[in-house]
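In what follows, a single structure is set out as structure tokens and then discussed.
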Amino acid sequence: MRTMTLTRMLRLVTGLMLLVLVGLPASAETLGVTTSRSDQAHAGRSGGTADHSKFEVLQKDFKSGPEVTAACLTCHTEASRQVMDSIHWTWKFEHGKTGQTLGKSRVMNSFCGNVAANEPRCTSCHAGYGWTKMSEGPPKAADRVDCMVCHDRSGTYSKLEDNAGHPPLSPLAPGSKTITGAMASLFDIAKAAQSVGLPGRENCGQCHFYGGGGDNVKHGDLSSALVAPTKAVDVHMAKEGLNFACSNCHVSRHHQWPGSRYDVQAKDEIGTGKPGERRDVATCESCHGIVPHKAVTLKATKLNDHVERVACQSCHIPSFARGGVATKTKWDLSTAGQLKDGKPFHVDDFIQSDGQRLHTYLSTKGTFEWGENVKPHYAWFDGQMRYTLADQKIDPSRTVELNSFKGSGNDPRSRIWPFKRMQGRQAYDTKLLNLVHNQVFGPETDTAFWTNFDYTKSIKAAMDYVGQPYSGEFGFVDTYMYWPITHMVAPKGDALACNECHGKAGRLAGVTGVYLPGAHPMSLADILGLLLLFATAGGVLVHTGLRFVTSRGGQRHD
Amino acid sequence: MTERVVRIYPLFERFWHWAQAALVLLLLFTGFGLRGLHGLLRFDVAVALHTTAAVLLIILWIFAIFWHLTTGTWRHYVPTTDGLFKVARFYAYGIFKGERHPYRKAYWRKHNPLQALSYLGLKLVLFPTIWLTGLAYLTYGAWDSRPGAPSVLEIVATVHVLTAYAIAAFIIIHVYLLTTGHSFAEHVRPMITGYDKVELTPAEEAYLEADEPGRIRSRP
């Protein structure tokens with residue numbers, strides 16, 4: 001017995017040692033996998049085979065951004081030409097379906113209004129260096145493309161907030177800020193140049209999370225909360241989950257990306273495409289297919305029927321501005337310019353969920369409202385955005401839609417989409433009846449609004465600058481601006497319950513052209529039906545009553 | 001002619017009747033919920049119950065149609081004007097005067113003419129309408145991309161709902177009429193036990209006594 005036990009113990013120990021020996025390299029491998037998983041997913045691409053820190057051309061004492069770009073171009077010969085063909089560079093979009101010329105260089109918005117006349121501030125987010133005059137177009141030289149803003153993986157590169165796209169370089173003016181509003185600091189350009197890689201969320205986010213002058217101000221569904229989100233904030237980008245980089249959905253080809261807000265694919269009927277086929281679209285369906293609810297249940301079948309008419313986003317993004325970063329929901333520019341003792345001031349009356357106080361009034365910008373976990377506005381959307389440009393007539397007696405779209409239940413290309421509907425109040429020409437440009441930025445000028453607080457001067461200066469006729473008289477008009485909501489997709493357990501729409505005063509109460517059971521109790525059919533029931537019940541009561549009155553009705557019929 | 005207690009509702013017919021009653025009530029309850037008239041059920045639960053009950057009811061109808069055709073019991077529903085006016089007059093007038101119900105159940109006519117006519121309307125008009133509109137609604141996914149589909153769906157849904165209300169009105173009258181004449185319990189009992197008093201011709205009586213003694217109770 002004892003011998004048996006000893007033999008067994010020996011076997012056990014040998015076995016354990018073997019396990020440890022075999023297991024060690026195995027666990028090291030596992031660790032390796034885990035490490036690579038912490039990188040963001042880029043549609044299956046790993047980031048290549050080169051270690052940029054070993055390239056001699058990058059081991060220089062760079063003095064400016066363009067010097068780095070010139071070095072990049074010695075290998076990536078076509079990169080600048082590709083970028084210069086993209087909307088990231090041109091800020092111009094020829095809309096084939098509506099015939100309008102759009103893009104940041106042209107459109108008006110309900111935030112700071114317009115780019116032209118405010119260049120070095122607005123073009124701080126241009127993917128290049130030194131676009132100082134809108135009308136002249138972006139710079140022409142290949143080395144003016146900013147490679148690092150998208151490709152720096154050291155996390156040190158940024159752009160100054162007011163220097164037409166240049167990074168903070170020596171000598172750095174005290175108090176300088178970057179485009180994210182952080183204090184600017186000098187950085188090691190060579191190190192940034194040597195640590196390039198595929199763009200992460202924080203790269204795209206430097207511009208796209210801070211549009212409109214601050215974190216999440218503009219989009220509502222794009223904020224710094226997406227740098228390292230939890231699953232509840234974004235099920236795809238969650239750091240502990242799928243960890244998608246932006247380009248995992250916005251797949252790039254030759255530095256061009258799908259996912260335009262001007263020409264949105266409101267409904268994707270192709271889905272995943274053929275096996276192995278690459279589809280250059282950023283739609284949900286391109287991964288999830290057009291029959292996305294997989295369970296073989298009645299509920300899944302019914303939900304799949306919804307795909308035809310309801311965008312995935314409508315149910316799966318129950319609210320935007322999630323994750324603790326509020327978005328601006330209203331911006332009234334008409335109140336800007338008030339001063340206290342001749343000095344600009346601010347009121348910080350909105351308290352974000354993290355306790356941070358946000359501006360609700362700024363002498364430079366006017367009055368704001370903010371929202372967190374905002375319920376979207378829903379509407380039929382055919383994907384085609386039409387803009388009210390500065391040269392178009394407006395009707396100031398009504399709320400002007402800065403961008404608008406069509407769509408209806410009878411248009412098979414339309415679906416019901418969620419939007420952030422931004423409320424604005426901004427300047428227009430009261431004689432010529434068009435929106436006006438405004439110069440807000442220009443610290444050295446005596447016209448810029450943020451310095452001089454005088455719309456009379458700032459509008460005139462901007463209109464002269466863009467060369468558009470201006471009567472000299474301005475007023476303020478209410479505006480709406482629509483931002484399709486498509487990020488911050490929630491885990492499926494957080495998707496909207498049916499009764500959010502199929503219920504009284506539901507989310508789609510304002511949407512017509514769709515039969516929505518439960519949303520409109522007491523419709524005509526119900527009123528007629530209930531009248532029939534009441535009439536029947538009434539008839540029965542009268543009949544019963546008569547039988548009692550005649551007190552013989554209870555007599556047997558046999 | 002003699003009056004005898006005969007099993008006029010065979011087991012299947014009783015099962016059909018009560019299963020249909022339960023399913024129709026469940027359909028009405030869930031249907032009202034889906035229309036937003038009450039909030040006692042979650043919408044997805046109401047959809048699941050409504051659809052399941054509808055599918056079960058359709059299966060039951062398929063069996064019932066087969067049963068009517070193969071057993072010849074469809075003949076109970078052939079409309080007749082014979083005695084129709086008398087029955088109508090009874091409910092509108094005679095009942096208040098304490099008159100006797102003018103109709104006697106017969107072996108091949110277990111419903112009075114008015115009753116048979118209303119059941120026929122239910123079976124040929126209301127049930128097929130709600131069945132077809134319901135199936136069209138349920139399979140919307142198969143035709144939703146056709147031009148004008150949303151408007152057609154709304155019409156389909158409206159017809160479905162109006163038919164449902166008509167069926168609900170039928171149920172109110174159907175239940176109320178159980179209180180006329182016999183006591184309520186006496187009216188309901190035949191649909192539970194299957195047996196009721198029926199006028200038999202001597203030939204029918206002789207046939208039942210001889211060939212189907214289980215269907216006819218011995219004289220008291």
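We name chains A, B, ... by the order of the sequence lines, and we start the count at 1 in each one.
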Report task. Considering non-hydrogen atoms only, spot the tightest contact between A/Leu298 and B/Ala48 and give its length. Result -> CD2-CA, 3.6 Å
Query raised in the report: Heavy atoms, side chains only, cut-off 4.5 Å: are A/His502 and B/Leu34 in contact?
Result: no
Query raised in the report: Do you know which two heavy atoms are closest between A/Asp305 and B/Gly141, and how far apart they sit?
Result: OD1-CA, 3.4 Å
Query - Enclosure of B/Lys86 NZ (heavy-atom neighbours >12, cutoff 6.0 Å) - result: no
Query - Gap between atom CG of A/Asp526 and atom CG of B/Leu37 - 0.5 Å precision - result: 5.0 Å
**Report entry** Toward chain B, the part of A/Leu516 with a non-hydrogen atom under 4.5 Å
**Finding:** neither
Query raised in the report: If you round to the nearest 0.5 Å, how far is OH of A/Tyr515 from CD1 of B/Ile155?
Result: 12.5 Å
Report task. Look at atom NZ of A/Lys294 and say whether more than 12 heavy atoms of other residues, nucleotides or ligands are closer to it than 6.0 Å. Result -> yes
Report task. Give the minimum heavy-atom separation between A/Leu533 and B/Ala169, together with the two atoms involved. Result -> CD2-N, 3.4 Å
Query raised in the report: Given the options B/Val159, B/Leu177, B/Thr51, which has more heavy-atom pairs under 4.5 Å with chain A than any of the others?
Result: B/Thr51
Report task. Could you tell me which portion of B/Phe170 (side chain, backbone, both or neither) has an atom closer than 4.5 angstrom to a non-hydrogen atom of chain A? Result -> neither
Query raised in the report: chain A heavy atoms under 4.5 Å from B/Ala166: which part of the residue, side chain, backbone, both or neither?
Result: both
Query raised in the report: A/Leu531 versus B/Tyr165: any side-chain heavy-atom pair under 4.5 Å?
Result: no
**Report entry** Exercise: identify the closest heavy-atom pair between B/Leu162 and A/Ala525
**Finding:** CD2-O, 3.6 Å
Report task. Would you indicate whether A/Arg278, at its atom CZ, is surrounded by more than 12 heavy atoms from other residues, nucleotides or ligands within a distance under 6.0 Å? Result -> yes
Query raised in the report: Side-chain contact, heavy-atom cut-off 4.5 Å: A/Arg547 with B/Thr180?
Result: yes
Query raised in the report: Is it true that the side chains of A/Ser523 and B/Arg35 contain a donor and an acceptor less than 3.5 Å apart?
Result: yes
Query raised in the report: Within the side chain of B/Tyr176, is there an N or O that forms a donor-acceptor pair under 3.5 Å with the backbone of A/Gly539?
Result: no
Query raised in the report: Heavy atoms, side chains only, cut-off 4.5 Å: are A/Cys501 and B/Phe43 in contact?
Result: no
Query raised in the report: Between B/Ser145 and A/Glu308, is a side chain to side chain contact (heavy atoms under 4.5 Å, CB included) present by the stated rule, with each step listed?
Result: CA-CA 8 Å; B/Ser145 50; A/Glu308 177 77 13; 3.7 Å; yes
Query raised in the report: Between A/Leu528, A/Leu530, A/Leu532, which residue shows the highest count of heavy-atom pairs closer than 4.5 Å to chain B?
Result: A/Leu530
Report summary line: Shortest non-hydrogen pair, A/Pro517 vs B/Tyr137, comes out as CG-OH, 3.3 Å
Requested in this report: Count the heavy atoms belonging to other residues, nucleotides or ligands that lie under 6.0 Å from NZ of A/Lys231, then report whether that count exceeds 12.
Outcome: no
Report summary line: If one checks every heavy atom of A/His543 against chain B at 4.5 Å, the contacting part turns out to be both
Query raised in the report: Around atom NZ of A/Lys406, are there more than 12 heavy atoms of other residues, nucleotides or ligands at under 6.0 Å?
Result: no
Query - Closest-packed option against chain B by number of heavy-atom pairs under 4.5 Å, given A/Asn304, A/Thr544, A/Val514, A/Thr297 - result: A/Thr544
Query raised in the report: Got B/Pro150 and A/Asn410 here, is their nearest side-chain heavy-atom distance under 4.5 Å?
Result: yes
Query raised in the report: With side chains defined as the heavy atoms from C-beta onward, is the minimum distance between A/Lys299 and B/Val47 less than 4.5 Å?
Result: no
